[in-house]
Amino acid sequence: MKRSIITTLLALTALLQVQAQTNLTGRIYANSNIMADEMNKIVALVDQKIDSVRLAKLAEFEKTKKRKPNAKEKAEIEADLKKAKEATMAMKNGVKTAISVEFKDTRNLVMTAKISVDDNALKLAGVPWVKRKAMKAALAVMPTTQKATYKQQGNLIICEDPDEPDTLRLSADGKYIYGTFDKKQKFRLSRTK
């Protein structure tokens, strides 16, 4: 009985290892905006904190002026809060980072990262003209495509770039790849092909 259980466990382990070494050739994984989830969290946080910020602004007003604000002053506070929320929404819609990974064969892949900036949205967010132009100029000369060799170890995809080694993680079902962009922004790519 024990021998059959051990044999079954060994067979399952071997099967899982074979599945983990799935041939990735021809697969494409992509995400049209890896920043979307993070920006949605920021917008939700702003929505969550807006009432407490309103109360703090009113309390600050009363403390400095030694009276309650009149209707016009309350409207000014509300306008400032609305402007701050619009700036957050503008930033959410103003910068997008699309990433895709295409596995050419069992050793080579092509990573594409395209960052797009909406000038009007950044303007609404209060980003000065000089910074907007500098961002656009920097993005114009930034490479969007990078070829790399990789090796696969189980669910890990290790990009063998000597300058910037990187490790991606393949989900157990093979539908997603997880990684980190710019050393801090985590992302998830969905299989498209």
Side-chain angles (χ1 to χ4, degrees), residues 4-46 88-119 121-122 125 127 131 134-193:
S4 65
I5 292 173
I6 292 172
T7 306
T8 304
L9 287 174
L10 288 174
L12 283 172
T13 303
L15 180 63
L16 288 173
Q17 287 178 345
V18 168
Q19 286 180 330
Q21 292 292 356
T22 304
N23 185 353
L24 300 173
T25 301
R27 288 189 183 189
I28 298 174
Y29 292 83
N31 185 332
S32 62
N33 188 7
I34 64 167
M35 305 295 282
D37 289 341
E38 196 63 34
M39 291 306 295
N40 286 337
K41 287 178 190 173
I42 291 169
V43 169
L45 184 64
V46 168
T88 304
M89 291 301 292
M91 282 304 291
K92 174 187 172 195
N93 299 323
V95 179
K96 294 185 179 174
T97 304
I99 294 182
S100 69
V101 176
E102 180 178 358
F103 294 92
K104 296 294 189 178
D105 54 40
T106 59
R107 292 282 301 142
N108 298 293
L109 61 82
V110 175
M111 295 180 107
T112 304
K114 184 175 182 198
I115 301 172
S116 59
V117 178
D118 181 355
D119 196 54
L122 292 179
V127 177
K131 283 188 180 180
M135 286 174 71
K136 283 190 162 193
L139 292 174
V141 297
M142 191 172 113
T144 58
T145 303
Q146 179 181 3
K147 294 180 181 179
T149 57
Y150 73 96
K151 65 181 176 182
Q152 188 177 358
Q153 292 179 350
N155 70 336
L156 297 179
I157 301 162
I158 302 165
C159 299
E160 300 172 325
D161 183 349
D163 297 329
E164 279 188 64
D166 196 7
T167 302
L168 303 171
R169 188 173 48 85
L170 181 66
S171 66
D173 60 6
K175 292 181 181 180
Y176 305 104
I177 286 182
Y178 301 92
T180 307
F181 180 74
D182 200 22
K183 296 184 173 126
K184 57 187 172 194
Q185 177 64 47
K186 293 182 179 185
F187 62 83
R188 181 179 83 170
L189 307 179
S190 300
R191 184 175 177 186
T192 60
K193 180 177 172 192

Side-chain donor or acceptor of Thr112 paired with backbone N/O of Ser100 under 3.5 Å: no

Distance (rounded to the nearest 0.5 Å) between Thr149 OG1 and Lys104 NZ: 15.0 Å

Expected output: side-chain Arg169 to main-chain Gly179 donor-acceptor under 3.5 Å: no

Closest non-hydrogen atom pair, Tyr178 against Ser171: CE1-CB, 4.0 Å

NZ/NE/NH1/NH2 to OD/OE distance under 4.0 Å, Glu102 and Lys193: no

Pairwise distance CD(Glu160) to OH(Tyr150) - rounded to 0.5 angstrom: 10.5 Å

Distance, nearest 0.5 Å, that separates CD of Gln146 from CG of Asp166: 8.5 Å

Test side chain to side chain donor-acceptor pair (under 3.5 Å) applied to Asn108 - qualifying residues, sequence neighbours left out: Asp105

Any residue meeting side chain to side chain donor-acceptor pair (under 3.5 Å) with Lys151, in chain and number order, not counting sequence neighbours: none

With Arg188 via side chain to side chain donor-acceptor pair (under 3.5 Å) - residues at least two apart: none

Beyond-backbone contact of Leu24 with Leu170, side-chain heavy atoms, under 4.5 angstrom: yes

Those residues that, when tested against Ala113, pass side-chain contact (heavy atoms from CB on, under 4.5 Å) (two or more places apart): Ile99, Phe181

Phe103 side chain reached by Leu109 side chain, heavy atoms, under 4.5 Å: yes

Candidate list Lys96, Met35, Met142, Met135, test side-chain contact (heavy atoms from CB on, under 4.5 Å), partner Ile115, passing option: Met142

Pair Ile177-Arg27, side chain to side chain contact (heavy atoms under 4.5 Å, CB included): steps then yes or no: CA-CA 11 Å; Ile177 286 182; Arg27 288 189 183 189; over 6 Å; no

Inter- and intrachain pairs under side chain to side chain donor-acceptor pair (under 3.5 Å), touching residues 30-45, at least two apart: Asn40-Lys92

ring-ring contact (aromatic ring centres under 6.0 Å, His included) involving Phe187 - partner list, sequence neighbours excluded: none

Contact summary for Ser190 and Tyr176, nearest pair of heavy atoms: OG-CE2, 3.5 Å

Stepwise side chain to side chain contact (heavy atoms under 4.5 Å, CB included) check, Ile157 with Val101: CA-CA 11 Å; Ile157 301 162; Val101 176; over 6 Å; no

